[in-house]
Amino acid sequence: MAYNDDEQTAPTSTATEPARPTVGITGQLVKQVRLNKYHNDVASMAPHDQELLLELRGSSSSTDRAGLDLVAVIDVSGSMDGDGIDKAKTALQFVIRKLSDLDRLCIVTFSTNATRLCPLRFVTAAAQTELKALVDGLKAYGITNMKGGLETGMSVVDGRRLAAGRAVSVMLMSDGYQNHGGDARDVHLKNVPVYTFGFGASHDSNLLEAIARKSLGGTFNYVADSANLTGPFSQLLGGLLTIIAQDLELTVTRFHGEATIKRVVWVDAGTYPQTTASDGSSVTVSFGTLYSAEARRVIVYLALADKTASPPYDANVCLAQYRFTFQAQQVTSNPDLITIKRRPSAAPGAARKPQPVENELARRQHADMIRAARDMAEANKMEDARNKLEEARKALEENFNQAANPTRVATRGQADGVRLYTTPHMDTYLKQAEQFEKNPDEAPPPATKHVPEPDQVVDQEPPAPPAEADVVPDVPRDMAAGDRRTLSAALRVAAAVLSLAAFVLMASVRTSGWDSDRYDLYEQYYRLLHDHLPVASKHHAFLTCNKSRC
């Protein structure tokens with residue numbers, strides 16, 4: 001069914017016109033995103049490979065944000081009855097209170113059939129009252145037609161009349177397996193991010209993760225039975241309500257005769273779309289949206305040409321250029337030149353890679369091992385999974401031994417203040433969610449029309465080294481005959497511990513600029529596992545496993 005009845009203006013709002021950029025003309029908008037480059041400055045004249053790390057980072061300074069169109073697709077089947085539906089209602093009430101009259105919300109429910117409870121509406125004060133009443137009236141019944149729910153949500157997105165300059169996202173929550181209406185994997189998601197939430201021990205994690213991976217920039221979130229949904233929802237909103245760039249793309253173009261682009265590997269994701277020119281001269285990676293203070297990284301593997309017959313010179317090996325849209329304006333950066341000094345005195349492979357490149361290569365190796373262990377567990381190869389985790393632990397220890405001032409991290413307890421996929425705004429939203437859980441009558445402040453500068457936070461030192469301790473928690477060998485889901489969850493927790501340990505490794509070699517910026521303290525490691533990294537939280541038992549952000 002096609003929907004084209006989204007609200008065009010908010011009846012009682014005085015701020016429904018698109019906000020103008022506070023940074024000024026289009027030429028200045030490019031400063032909302034900056035490109036950082038890390039590579040060896042000097043290379044041999046002989047043919048060899050070089051790694052180039054490119055990072056796109058969103059500005060953390062105050063700027064207007066894109067209005068958000070959010071479609072919430074919620075499972076209300078019979079299995080949600082009781083505590084489940086109550087937690088879903090509380091989380092949705094938090095969402096309604098956080099959105100402002102710059103944003104629009106549509107709620108879709110599904111059980112045996114899918115129902116659109118309302119069109120996309122601007123979340124004005126009057127609309128909030130009506131939306132809250134809709135949520136309060138939710139009841140759990142029937143079976144699970146997830147495909148119908150997702151199709152309805154995408155129909156709302158596709159039918160929008162007001163779309164220019166607006167960010168759009170779909171959040172899909174379910175606690176069970178689809179058993180009616182077909183396979184939700186078949187729904188066409190186009191370039192819309194779909195953020196999935198698996199609630200409780202009985203949800204279909206493979207299905208929800210597949211849907212998130214199929215979308216552009218979506219994430220899969222596992223929420224334990226004992227946890228509330230408000231925390232994970234708040235983390236998502238902390239990003240979506242600080243979007244400062246849309247349709248973000250990065251193009252790398254090589255100079256003919258100087259270098260060949262062998263491949264471009266996403267540090268932060270496994271399956272971001274990329275397009276390669278027919279002659280292999282350039283590669284373009286599409287990232288989708290970028291949050292305030294967020295970073296996206298790729299490693300470019302270059303094959304430098306044989307220049308042994310040439311005198312020493314400075315070689316222009318490639319160009320990097322990014323593009324994005326902001327409030328319906330197209331923004332393109334100036335081409336950024338990457339130059340490497342070719343010198344006969346430099347031996348191939350002898351120079352040490354810059355620390356950020358070393359960190360990302362080690363992080364990717366670690367991520368591959370954890371992902372392999374997860375795949376083994378899903379295939380019920382429990383002993384192989386445990387061995388792979390042990391291999392990851394040993395590899396991580398080697399990285400510790402090779403790093404300056406190596407530091408161990410304990411496996412017991414929580415590392416206070418460390419959550420792996422986070423921005424300062426997400427921290428704020430999580431605190432508000434915790435307060436809202438305690439007292440739902442105290443509404444959190446709605447999101448502002450602009451992204452405020454995050455509060456200054458003093459850098460935290462890494463945990464003190466404990467006595468000898470294994471980094472990976474023991475996975476019982478007799479679990480092979482038990483519930484595969486239980487061990488899969490255990491592996492995700494083990495990944496979190498390994499990830500926290502690796503975070504300490506990265507923090508131990510932090511640059512001087514990190515001393516006054518906690519976000520930069522995390523920037524070397526806050527998206528370690530691009531496919532299967534859980535987010536560890538002191539207060540919420542929810543894990544984020546995603547292709548784009550970890």
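Keep in mind it's a predicted model, so treat the numbers as computed, not measured.
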Discussion item. For the aromatic rings, using the six-membered ring if either is Trp, is the centroid distance between F197 and F233 under 6.0 Å?
Written reply: yes

Fill in: Over all atoms of both residues, closest heavy-atom pair of R323 and T284
NH2-CG2, 3.7 Å

Worksheet item: So do M173 and V223 actually touch side chain to side chain, heavy atoms under 4.5 Å?
Response: no

Practice prompt. Look up atom CD in Q128 and atom CZ in F122, then write down how far apart they are to the nearest 0.5 Å.
Written response: 14.5 Å

Practice prompt. Could you tell me how the ring of H203 sits relative to the ring of F220: parallel (under 30°), tilted (30 to 60°) or perpendicular (over 60°)?
Written response: tilted

Item to complete: Verify whether one side chain among T219 and N221 offers a donor that lies under 3.5 Å from an acceptor in the other.
Response: yes

Worksheet item: Is there side-chain contact between L134 and E130, with at least one heavy-atom pair below 4.5 Å?
Response: no

Worksheet item: Would you say the side chain of F436 lies within less than 4.5 Å of the side chain of R97, judging by non-hydrogen atoms?
Response: yes

Worksheet item: If you take all heavy atoms of K98 and L241, which pair is closest and at what distance?
Response: O-CD1, 4.1 Å

Fill in: Carboxylate-amine/guanidinium proximity below 4.0 Å for D5 and R116
yes

Discussion item. Testing the basics here: between I243 and A167, what is the closest heavy-atom pair and its distance to 0.1 Å?
Written reply: CD1-CB, 3.7 Å

Discussion item. Evaluate M426 against E294 for side-chain contact (heavy atoms from CB on, under 4.5 Å), listing each step before the verdict.
Written reply: CA-CA 11 Å; M426 291 179 179; E294 187 184 22; over 6 Å; no

Worksheet, complete the sentence: Paired with E55, the salt bridge (charged side-chain N to carboxylate O under 4.0 Å, His left out) test is passed by just one of R34, R297, R296, K37, namely R297

Worksheet, complete the sentence: In E437, Q432, K87, the residue satisfying side chain to side chain donor-acceptor pair (under 3.5 Å) with T230 is E437

Fill in: Between CG on residue L35 and CG on residue N334, distance to nearest 0.5 Å
11.5 Å

Worksheet item: Could you walk me through whether F110 and V73 pass the side-chain contact (heavy atoms from CB on, under 4.5 Å) check?
Response: CA-CA 7 Å; F110 65 93; V73 182; 3.7 Å; yes

Worksheet item: What distance separates L68 CG from R166 CZ, expressed to the nearest 0.5 Å?
Response: 7.5 Å

Worksheet entry | Minimum side-chain heavy-atom gap Y195-L70 below 4.5 Å | no

Worksheet item: Hey, what do you get for OG (S77) to CG (N145), rounding to the nearest 0.5 Å?
Response: 10.5 Å

Discussion item. Less than 3.5 Å apart, any donor N or O on the side chain of S292 or T242 sitting next to an acceptor on the other?
Written reply: no

Item to complete: Please name the pair of heavy atoms, one in I211 and one in M146, separated by the smallest distance, quoted to 0.1 Å.
Response: CD1-SD, 4.2 Å

Fill in: Beyond-backbone contact of L99 with L237, side-chain heavy atoms, under 4.5 angstrom
yes

Worksheet item: Any donor and acceptor pair, going by atom type alone, linking the side chain of S215 with main-chain N or O of V194 inside 3.5 Å?
Response: yes

Worksheet item: When you measure from the side chain of D204 to the backbone N and O of Q178, does any donor-acceptor pair fall under 3.5 Å?
Response: no

Worksheet item: So, does Q321 use its side chain to make a donor-acceptor pair with the main chain of S333 at under 3.5 Å?
Response: yes

Item to complete: Would you indicate whether the side-chain heavy atoms of R161 and Q8 approach each other to under 4.5 Å?
Response: yes

Response to the item:
To the nearest 0.5 Å, atom CG of L138 lies from atom CD1 of I107 at 7.0 Å

Worksheet item: Can you check whether Q330 reaches T332 side chain to side chain, under 4.5 Å on heavy atoms?
Response: no

Worksheet entry | Side-chain (S174) to main-chain (G176) donor-acceptor, under 3.5 angstrom | yes

Response to the item:
Correct closest heavy-atom pair for T112 and G142 would be OG1-CA, 3.5 Å

Discussion item. Given 3.5 Å as the limit, does a donor-acceptor pair link the side chain of R104 with the main chain of D69, or not?
Written reply: no

Discussion item. Under the criterion side-chain contact (heavy atoms from CB on, under 4.5 Å), I'd like the reasoning laid out for L208 against F199: C-alpha separation, chi angles, the key distance, then a yes or no.
Written reply: CA-CA 11 Å; L208 293 173; F199 179 55; over 6 Å; no

Discussion item. Let me confirm one number: the OH-OG distance from Y3 to S155, rounded to the nearest 0.5 Å.
Written reply: 6.5 Å

Fill in: Test item: L229 and T90 side chains (from C-beta on) under 4.5 Å apart, heavy atoms
no

Discussion item. Side chains of D103 and S100: any donor to acceptor distance under 3.5 Å?
Written reply: yes

Worksheet, complete the sentence: Heavy atoms of P193 and G217 approach each other most closely as CB-C, 4.2 Å

Worksheet entry | Residue pair F324, L290: steps toward the side-chain contact (heavy atoms from CB on, under 4.5 Å) verdict | CA-CA 9 Å; F324 63 91; L290 185 70; over 6 Å; no

